[in-house]
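I have placed the structure first, in the form of structure tokens, so that the comments after it can refer back to it.
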Amino acid sequence: MSAIGDETTLRPKIAAYLEREVGHPVEVGPIRRFAVGFSWLTFSVPVSHIEIPGEGGKGEQTRDLILRLGPDYGLFAPYSAMPEMLAMRSLEGSAVPVPRAYWGGDDESIFGAPFLFCEKVEGDAVVPWVSAGEPQLEEGYRKRLAEQFIDALGALHRVPWREKPIAELERGAAEAITVENAARHNVEHWEAQIARWAMRPYPLAEWGIRWLKANCPVAPRVAIVHGDYRTGNFLEKGGDITAILDWELVHLGDPHEDLGWVSLPMYKGGTPYIGRLAEPEWFYRRYGEQAGYTVDMESVRYYQAFSLLKLAATHMAAARCFEEGRFNDMRMPAMGSQIATCLKQMEKTIDAAGATKSGKHRATGASAS
Amino acid sequence: MNNSFPRLIDGMCATLRREVLTRLDDEFARGQVFGVINLLNTFKVRANWSAGFLLQQIEAQQRALEGAAAAAQRASLSAPSATRMNKADPGAGAMSIEALLERRDANNREIGTWLEWLDAKSVELPAGAAQTIEQLLRAAMRAEIDLELKNSPRPLFAEMSSGREE
């Protein structure tokens with residue numbers, strides 16, 4: 001936190017920045033950090049006398065903004081605020097509920113880290129984990145949330161992203177994402193993360209990477225992929241989903257990737273439902289209707305195996321961050337203790353996928369090399 | 001066992017001091033926390049990870065690596081060089097925890113080399129030999145994971161995310 005400072009030292013910097021952006025004096029109240037997440041820091045920032053372009057609202061009334069900062073010591077650091085900001089801007093006015101992104105950038109001279117200011121949306125998070133004996137979600141509430149959760153994902157995957165700010169992610173990339181190379185790109189990205197963060201060799205992860213590279217599916221389309229779409233990453237109020245959050249892993253890719261992630265057993269909360277919310281068969285059918293393509297269950301299984309590797313990589317990074325003293329948060333070594341669970345589940349998923357695979361969708365040129 | 005034992009103890013003590021004691025006013029409860037910190041520091045100097053646990057993992061690895069080398073030899077192919085080097089190592093039973101951890105990791109690196117070798121030799125290797133070697137390697141990888149899982153308590157993610165125990 002040294003480059004960023006604490007809540008007290010951040011406050012005048014925030015006021016100075018906002019005044020430059022809106023062109024008039026503002027007053028920043030005491031800021032509060034949310035105790036969530038292992039990567040980006042999230043603060044609630046009360047601001048008075050602010051007029052946000054396109055929203056009006058200048059006056060005595062205080063409004064809360066959210067400030068996200070990506071410290072250089074977090075999981076998978078260094079960060080860029082651009083993907084999240086571009087995604088949120090691309091989804092403004094769409095059927096995907098997202099907070100409005102106001103300002104952001106990667107200039108560390110301002111707050112000591114990449115940053116993003118966005119709207120604060122009302123609501124609470126439904127967590128995917130439940131303790132023994134905890135009651136499940138009430139049926140009507142569960143189904144109502146499930147419908148919105150599925151429809152938002154379908155809407156995300158049919159966004160014409162080439163006409164949106166997020167198309168900027170393609171510029172400067174060494175290779176454009178295509179339906180043929182989307183899976184390979186992703187596997188190579190996470191292979192590099194494992195090489196960077198794992199503290200010891202995990203041959204089962206290497207074996208999984210080889211299988212994933214040798215069995216890349218062809219995507220039905222290139223879509224905006226959230227990258228962490230699950231229960232726990234949306235807010236709800238009175239049974240309505242008010243915002244889909246945590247866009248830091250957003251990228252372009254195969255929409256099946258989000259299906260693989262959302263359906264991980266870790267997020268079922270002891271129920272048979274995807275994300276504690278939806279019967280799997282209904283989930284895929286409704287999602288397919290919303291997204292406008294037929295869900296390929298071979299691809300879903302492929303991306304479930306991939307997601308388990310990705311989750312294992314996240315736990316490997318958590319263990320390293322803790323070991324190196326970047327954090328003392330005891331949840332991180334607890335996450336680190338789950339690497340074996342993820343790899344075991346990955347192996348089982350690959351074995352099951354291998355047993356049912358038709359080979360009809362394998363991308364040309366995919367190999368294990 | 002992905003973090004070192006001393007670092008876990010340091011992390012627990014730091015968390016208790018910075019995150020728990022700073023929010024705890026009750027004198028008796030604070031005394032209990034200091035008692036726990038004292039014991040954790042005792043564990044740090046007197047305890048370490050279990051050698052038995054590591055020995056079982058290493059035994060499974062060695063069995064797989066030796067079996068893979070024999071299968072390669074039967075197919076008249078030379079094994080990856082790392083395998084031959086390990087045969088001169090001292091017995092695992094006499095090693096310190098640090099040396100055992102190093103051995104486990106070295107064996108895992110070697111299994112990785114074998115996986116690479118299997119891909120490279122896929123044309124030359126008779127199908128039966130390739131399958132045997134892969135099964136041996138996977139048995140070792142699975143044994144390592146299964147031993148970790150067998151020695152892990154139920155995770156408390158719900159409690160960690162909510163701060164409550166139902």
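Throughout, protein chains are lettered first and strands after them, A, B, ... in sequence-line order, and every chain is numbered starting at 1. Note that the coordinates shown come from a computational prediction; the quantities given were computed from them, not determined experimentally.
Atom CG of B/D25 sits in a sparse spot, with 12 or fewer heavy atoms from other residues, nucleotides or ligands closer than 6.0 Å. With a 6.0 Å radius and a threshold of 12 heavy atoms from other residues, nucleotides or ligands, A/E122 has its CD atom at or below the threshold. In this structure, B/R46 places its CZ atom where only 12 or fewer heavy-atom neighbours from other residues, nucleotides or ligands lie under 6.0 Å away. More than 12 heavy atoms of other residues, nucleotides or ligands shown are found within 6.0 angstrom of CD on A/E138. Other residues, nucleotides and ligands place more than 12 heavy atoms under 6.0 Å from the CD atom of A/Q136.
Of the atoms belonging to B/E19, not a single heavy atom falls under 4.5 Å from chain A.
Here B/R142 contributes atom CZ and A/K348 contributes atom NZ; the two are 11.0 Å apart, rounded to the nearest 0.5 Å. Rounding to the nearest 0.5 Å places CG of B/L149 at 6.5 Å from NZ of A/K344. With values rounded to the nearest 0.5 angstrom, B/R138 atom CZ is found 7.5 Å from A/L204 atom CG. Between the CD1 atom of B/I145 and the CD1 atom of A/I339 there is a distance of 8.5 Å, given to the nearest 0.5 Å. Atom CZ of A/R210 is separated from atom CG of B/D119 by 4.5 Å, given to the nearest 0.5 angstrom. Separating the CD atom in A/E323 from the CG atom in B/L8 is a distance of 7.0 Å, to the nearest 0.5 Å.
When each of B/L118, B/I111, B/L115 is tested with A/W207 by the rule side-chain contact (heavy atoms from CB on, under 4.5 Å), just one qualifies, namely B/L115.
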Apply side-chain contact (heavy atoms from CB on, under 4.5 Å) to A/R200 and B/R104, showing your working. CA-CA 9 Å; A/R200 62 180 175 95; B/R104 179 204 59 189; 2.8 Å; yes
I'd like to know whether B/E148 forms a side-chain contact (heavy atoms from CB on, under 4.5 Å) with A/T341, so could you lay out the CA-CA distance, the side-chain angles of the two residues, the decisive distance to 0.1 Å, and finally the verdict. CA-CA 9 Å; B/E148 290 214 12; A/T341 308; over 6 Å; no
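For the pair B/G112 and A/P203, the tightest heavy-atom approach, listed with the atom from each and the gap, is N-CB, 4.4 Å. Between B/A158 and A/V130, the shortest heavy-atom distance links the atoms CB-C, 3.2 Å. In this structure, A/S337 and B/N2 approach most closely via the heavy-atom pair CA-ND2, 4.3 Å.
Between A/Y202 and B/M141 there is no side-chain heavy-atom pair separated by less than 4.5 Å. A 4.5 Å side-chain heavy-atom check between B/N108 and A/E206 finds every atom pair outside the cut-off.
Between A/H315 and B/F157, the ring planes are parallel. Angles under 30° get that label, and only those over 60° would be called perpendicular.
Top candidate by heavy-atom pairs under 4.5 Å with chain A, chosen from B/E144, B/R18, B/R109, is B/R109. Counting heavy-atom pairs closer than 4.5 Å to chain B, the top-ranked of the candidates A/R331, A/M332, A/E347 is A/E347. Of the listed residues (B/L156, B/D146, B/D10), the greatest number of heavy-atom pairs within a distance under 4.5 Å of chain A belongs to B/D146.
Using modelled atom types and a 3.5 Å distance limit, the side chains of A/N328 and B/R7 yield a donor-acceptor pair.
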